Amino acid sequence: MFPEAARCVRSAGFGWTKAGLLAEVRPLTAHGSSSSSSRRHFSLHHRRLGGRAVLPKPPREKVHIPGLERVTYADRMYYVPGLAKPESPRWERDYSDPYRYRSPPHSDMPLLKEKPCYLFHQRSNALEGVKQALWLTKTKLIEGLPPQLLSLAQDPAHQIPDQDERVQNAIKHARFWDTTEPKTAQDRYSKMLLQNLLHLCASLHPSHPALGRRLLSEKYSLAATWNRGEDLFQIRGQNGLLCTSMDPLPALSEAQQVEETAEHTLESFYPVSPTIDLQQVNVYHQHMNSTGFREGYPYPHAHTLYFDDPKSPRCTLRPEQFQAKMVMFAFGNALARAYLQYGTEPLAQLERPVVVQVVGTNGRFFNFLVFQLNTTDLSEDSGVKNMVWLEKDSELYEYAKVRPLIKKKEVLVPAGLAGYNPETFRKFLSLYLHGAV
């Protein structure tokens, strides 16, 4: 039965592939012939069904015959079929145009070096997160903020009048009142909330004159270079909103506590390489260190660096990687300042540690970090370590809904602001008041 059926199928015009699959069906018309317009293809190797990308055609090779010149349409000043396209020499400008700059070949660059350099910048995505940042910066992690720092905002004399009410109004302004859209975008309300809280803290200037010795800077470029083991590292680029001050921040740990960090062992994440996810370059300056400000700037000391974490399709960071970014840029600002004060030679222990603070937020959760640079001798794992205090994922509020969340005729989350946590803003205010109280 089956051989007869197979013969009938073949006689009806069915074709078979080498793999035994049905490749083409040609139904017969009323006159017994197959119609080309009614063909249907079931081939598994069809171009549209396959995942092959259409490769571009290779450029046509130009053949140059010695002693012969190509006949072109250059004299006629218009296209002529059959004549070759003329080749004009590149026009060299007698002035510098940054929009028409062409870099020389990679092999002809004067800053080309054999030894690679590993870069950490604004879009770096550290795989191991905070652990990788701690190893790169030779730092000891301490969970939570220092007690002497948290106590600054507990005193009623250092608080804002009607503090909780005004903070909630700042949140509502960022989430509800700043736009007429049904839902505010996350990258918009996170920046607006950060500006509102800074503006609210600035209202303490009359009672705290030392706050007037600060200035907010944006779009400054940082650069710092250091050796870790046999590898060379650099951190550079624009990063966040920086609050600079005329006076440096005081150290948070005593000299004895700094010396005790020599017994700390850095956590390893073998077999993962510490340089994973860092950009590797061979064209760089050997000693590139800059705070981002010119010499003689009246606010030379970095006080607090403010980061917002927008949901960008070009660069998405998980919480652990966002915290690693905070550690790295706090270290970079402190290291660049230490090089200006003590020189670029490695020092086992700084006479006066450099302290930099960082606040990172996505518009709802806040991360607080205080970095203390104790040493610039970063090549070996032994010796004094740097110190960092990190407070992770402090929630400022639970919900901010334009419309209530209703399920089965029951209001689960009411409209408006819900779950405000005043402790988170007190931590924010403590870091703002640090050095002025």
Side-chain angles (χ1 to χ4, degrees), residues 93 95-126 132-139 217-242 244 273-297 299-302 305 307 314-315 324-348 350 354 356 358 371 373-380 386:
R93 295 173 176 82
Y95 60 92
S96 178
D97 188 356
Y99 297 100
R100 300 293 186 271
Y101 173 76
R102 287 189 179 184
S103 61
H106 190 267
S107 58
D108 297 343
M109 292 185 176
L111 296 178
L112 180 65
K113 299 176 179 60
E114 294 183 1
K115 182 179 180 180
C117 178
Y118 298 95
L119 298 184
F120 191 97
H121 47 79
Q122 186 78 345
R123 294 185 182 178
S124 295
N125 196 347
Q132 185 175 352
L134 294 178
W135 190 92
L136 293 174
T137 59
K138 192 181 176 181
T139 304
S217 304
E218 195 173 12
K219 292 186 178 180
Y220 76 103
S221 295
L222 172 72
T225 307
W226 75 98
N227 288 282
R228 191 74 175 93
E230 299 179 355
D231 298 324
L232 181 66
F233 294 90
Q234 284 187 358
I235 178 170
R236 63 192 188 195
Q238 297 183 359
N239 55 99
L241 179 65
L242 180 66
T244 55
S273 172
T275 60
I276 191 171
D277 291 331
L278 300 185
Q279 183 181 359
Q280 180 179 344
V281 296
N282 290 86
V283 179
Y284 58 90
H285 287 277
Q286 182 69 32
H287 303 287
M288 187 175 184
N289 300 288
S290 173
T291 59
F293 303 96
R294 297 180 180 177
E295 186 178 357
Y297 182 64
Y299 306 89
H301 302 281
L305 182 62
F307 278 118
R314 302 176 64 184
C315 179
K325 173 182 169 183
M326 295 171 57
V327 174
M328 292 300 298
F329 277 102
F331 165 78
N333 281 275
L335 185 63
R337 185 61 200 170
Y339 283 156
L340 284 181
Q341 288 185 263
Y342 304 103
T344 56
E345 292 297 326
L347 297 177
L350 300 181
V354 182
V356 178
V358 184
F371 190 94
L373 185 72
N374 299 321
T375 177
T376 57
D377 186 8
L378 306 170
S379 58
E380 301 295 336
N386 300 315

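In this text the structure is predicted, and so the values were computed from the model without any measurement.
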Any side-chain heavy atom of Val283 sitting closer than 4.5 Å to one from His106? yes
Is there a side-chain contact between Tyr220 and Asn333, using heavy atoms and a 4.5 Å cut-off? yes
Taking atom [atom1] of [X] as the centre, report whether more than 12 heavy atoms of other residues, nucleotides or ligands fall under 6.0 Å from it.
X      : atom1 : value
Glu295 : CD    : no
Lys115 : NZ    : yes
Arg93  : CZ    : yes
Glu380 : CD    : no
Gln280 : CD    : yes

With distance as the sole test, does [X] use its side chain to make a donor-acceptor pair with the main-chain N or O of [Y] at under 3.5 Å?
X      : Y      : answer
Lys113 : Tyr284 : yes
Gln132 : Ala324 : no
Lys138 : Arg228 : no
Asp97  : Tyr95  : no
Asn289 : Thr225 : yes

Value rounded to 0.5 Å, distance of CG in Asn282 from CE in Met109: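 That separation rounds to 11.0 Å.
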Using the side-chain hydrogen bond (donor to acceptor under 3.5 Å, both in side chains) criterion, which residues pair with Thr139? Sequence neighbours excluded.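 side-chain hydrogen bond (donor to acceptor under 3.5 Å, both in side chains) check on Thr139 returns Thr137.
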Can we call the ring centroids of Phe120 and Phe233 under 6.0 Å apart?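 That pair fails the under 6.0 Å test.
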Just jot down the salt bridge (Lys or Arg N to Asp or Glu O under 4.0 Å) partners of Arg337, sequence neighbours excluded, or say none.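 Result, salt bridge (Lys or Arg N to Asp or Glu O under 4.0 Å) vs Arg337: none returned.
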Partner of Gln122 by side-chain contact (heavy atoms from CB on, under 4.5 Å), out of Arg236, Lys325, Gln238: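 Considering Arg236, Lys325, Gln238, a side-chain contact (heavy atoms from CB on, under 4.5 Å) with Gln122 is found only for Lys325.
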With Phe329 as reference, evaluate Leu305, Val356, Leu242 under the side-chain contact (heavy atoms from CB on, under 4.5 Å) test and give the passing residue.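 Only one of Leu305, Val356, Leu242 forms a side-chain contact (heavy atoms from CB on, under 4.5 Å) with Phe329, namely Leu305.
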